[in-house]
Amino acid sequence: MTEIDRSIQEYLTYLRVRRNLAINTLESYGQDLKDFTRYAAGHGAAQLTSLSRTMLRGYLAVKKEQTGISSATLARHISSLRGWLKYVADVHPSGLPAASNLLSFGQRLKRSRSLPRALAKDQVEKLLDFSSRRAQEASGRSRLPSLRDWAALEVLYSSGLRISELCGLPAASVEWEQGMVRVMGKGAKERMAPMGERALKALKFYWKEYQHRVKRPQGHYYLFANPCGAP
């Protein structure tokens, strides 16, 4: 393992342990930096002192030439590299040559931002009404997943949670009497999100069925879980 490889592994550990980043984010950063280490190795760079602005520009040029790569993905590659370089400059300042010159890499990249596409209110209402009817008419093995989907959609719409936040909710995060849910968001910051009456109703139907049908594991378990108790 080269010095660059070790430094990247150390950085990813820092992001996981100290920054508490989401698994998907860590995997994206890890893949981006792995791509760079392959490029660096192919150009004979194994030590941090081998890094140069010319090498970073060359790597960026290669990524730009890849078929189908979006400006957002390209911006993420640059962000991954700059985050790692800043970490190295802070932790091993003597090991990174011309740190200030390297850290400004990619700052001028212009990223096109498209406006988000959202459903109209009547479309959302149709979706929720359909999932409600489907859940309450379901029977047998299809009843629990139908109730789960209905509850998940209602909670998402009512509380404005991210999908990753919804999937990771512990069962104990629901404040049933207050109609609230405790959410652990980005940066390990906790907040309270309100739920409307419809969301709470759907969640109660689902949770009652889940407790009846699924043997819950000991200790910590998730609100929206599969039959094995995993999120």
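Predicted, not measured: the structure shown is a model, and the values here were computed from it. Just so you know, residue 1 is the first one in the sequence shown, and it goes up from there. All heavy atoms count here, side chains included; hydrogens, waters and symmetry mates do not.
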Under a 4.5 Å cut-off applied to non-hydrogen side-chain atoms, are L203 and L223 in contact?
yes
The side chain to side chain donor-acceptor pair (under 3.5 Å) partners of T13 (sequence neighbours excluded) come to none
Step by step, work out the side-chain contact (heavy atoms from CB on, under 4.5 Å) result for L21 and Y29.
CA-CA 10 Å; L21 294 190; Y29 282 12; 4.2 Å; yes
Output all residues satisfying side chain to side chain contact (heavy atoms under 4.5 Å, CB included) with V124, sequence neighbours left out; order by chain, then residue number.
L119, L128, Y157
Please answer whether the main-chain N or O of M184 pairs with a side-chain N or O of E190 as donor and acceptor at a distance below 3.5 Å.
no
Mind telling me whether Y87 and Y11 have parallel, tilted or perpendicular rings, with 30° and 60° as the class edges?
tilted
For Q123, I'd like to know if atom CD has over 12 heavy atoms of other residues, nucleotides or ligands within 6.0 Å.
yes
Using a 3.5 Å distance criterion without hydrogens, assess whether the side chain of S146 forms a donor-acceptor pair with backbone atoms of S142.
yes
Can you name the salt bridge (Lys or Arg N to Asp or Glu O under 4.0 Å) partners of R148, sequence neighbours left out?
none
Taking atom CG of L81 and atom NZ of K63, what is their separation to the nearest 0.5 Å?
10.0 Å
With sequence neighbours left out, the residues meeting side chain to side chain donor-acceptor pair (under 3.5 Å) with R38 are D35
Distance col, row R6:CZ vs T37:OG1, nearest 0.5 angstrom, shows 13.0 Å
What closest approach, in Å, do L200 and G179 show between heavy atoms, and which atom pair accounts for it?
CD2-CA, 4.2 Å
Could you tell me the separation between the OH atom of Y222 and the OH atom of Y210, rounded to the nearest 0.5 Å?
11.0 Å
Indicate whether the side chain of S132 and that of D129 have a donor and an acceptor atom separated by less than 3.5 Å.
no
Hydrophobic clustering (ILVMFWY, side-chain heavy atoms < 4.5 Å, transitive) - are L48 and Y14 grouped together?
yes
Applying side-chain contact (heavy atoms from CB on, under 4.5 Å), run through F36 and L51 and close with a yes or a no.
CA-CA 11 Å; F36 175 72; L51 296 174; 3.8 Å; yes
Quick one about H77 and Y59 (side-chain donor to acceptor, distance below 3.5 Å, no hydrogens or angles considered), yes or no?
yes
Transitive ILVMFWY cluster of V17, excluding itself - 4.5 Å side-chain cut-off
none
Report the residues that fulfil salt bridge (Lys or Arg N to Asp or Glu O under 4.0 Å) with E27, sequence neighbours left out, ordered by chain and then residue number.
none
Let me have the donor-acceptor pairs involving side chains of residues 164-174, under 3.5 Å, with sequence neighbours excluded, atom names and distances please.
residue : atom : partner : partner atom : Å
E165    : OE1  : R162    : N            : 3.0
E165    : OE1  : R191    : NH2          : 2.9
E165    : OE2  : R162    : NH1          : 2.6
E165    : OE2  : R191    : NH1          : 3.1
S173    : OG   : P170    : O            : 2.6

For A45 and M55, which heavy atoms make the closest approach, and how far apart are they?
CB-CE, 3.4 Å
Following the transitive rule for hydrophobic clusters with a side-chain heavy-atom cut-off under 4.5 Å over Ile, Leu, Val, Met, Phe, Trp and Tyr, establish whether L127 and W150 coincide in one cluster.
no
Just by modelled atom types, is the P194 backbone N or O under 3.5 Å from a matching donor or acceptor in the S159 side chain?
yes
Residues in salt bridge (Lys or Arg N to Asp or Glu O under 4.0 Å) with R19, at least two apart?
none
A225 to Y206 - nearest heavy-atom pair and separation
N-OH, 3.7 Å
Determine the minimum heavy-atom distance between S80 and L33, stating which atoms define it.
O-CD2, 3.8 Å
Atom pair OG1/CZ of T25 and R16 - distance to nearest 0.5 Å
14.0 Å
Would you please name every residue forming a side chain to side chain donor-acceptor pair (under 3.5 Å) with E125, sequence neighbours left out?
R198
Pairwise side-chain contact, L12 with W84, heavy-atom cut-off 4.5 Å (strictly under)
no
Closest non-hydrogen contact found for E154 with A202 is CG-CB, 3.9 Å
Which atom names give the shortest non-hydrogen contact between G196 and S158, and what distance separates them?
N-OG, 2.6 Å
Considering only residues two or more places apart or on different chains, which pairs with a residue in residues 167-185 satisfy salt bridge (Lys or Arg N to Asp or Glu O under 4.0 Å)?
E175-R182
Residues in side chain to side chain contact (heavy atoms under 4.5 Å, CB included) contact with D149, at least two apart in sequence or another chain:
R134
When rounded to the nearest 0.5 Å, the distance separating CD1 of I78 from CZ of R76 is 11.5 Å
Same cluster for L161 and W176 if Ile/Leu/Val/Met/Phe/Trp/Tyr side chains link at under 4.5 Å?
yes
Do L147 and F130 sit in the same hydrophobic cluster, where Ile, Leu, Val, Met, Phe, Trp and Tyr count as joined when their side-chain heavy atoms come under 4.5 Å apart?
no
According to a hydrophobic-cluster definition based on side-chain heavy atoms being under 4.5 Å apart (Ile, Leu, Val, Met, Phe, Trp, Tyr only), do L15 and V91 belong together?
yes
With rounding to the nearest 0.5 angstrom, report the CG to CG distance, L74 to L60.
5.0 Å
Which residues share a side chain to side chain contact (heavy atoms under 4.5 Å, CB included) with K126, sequence neighbours left out
none
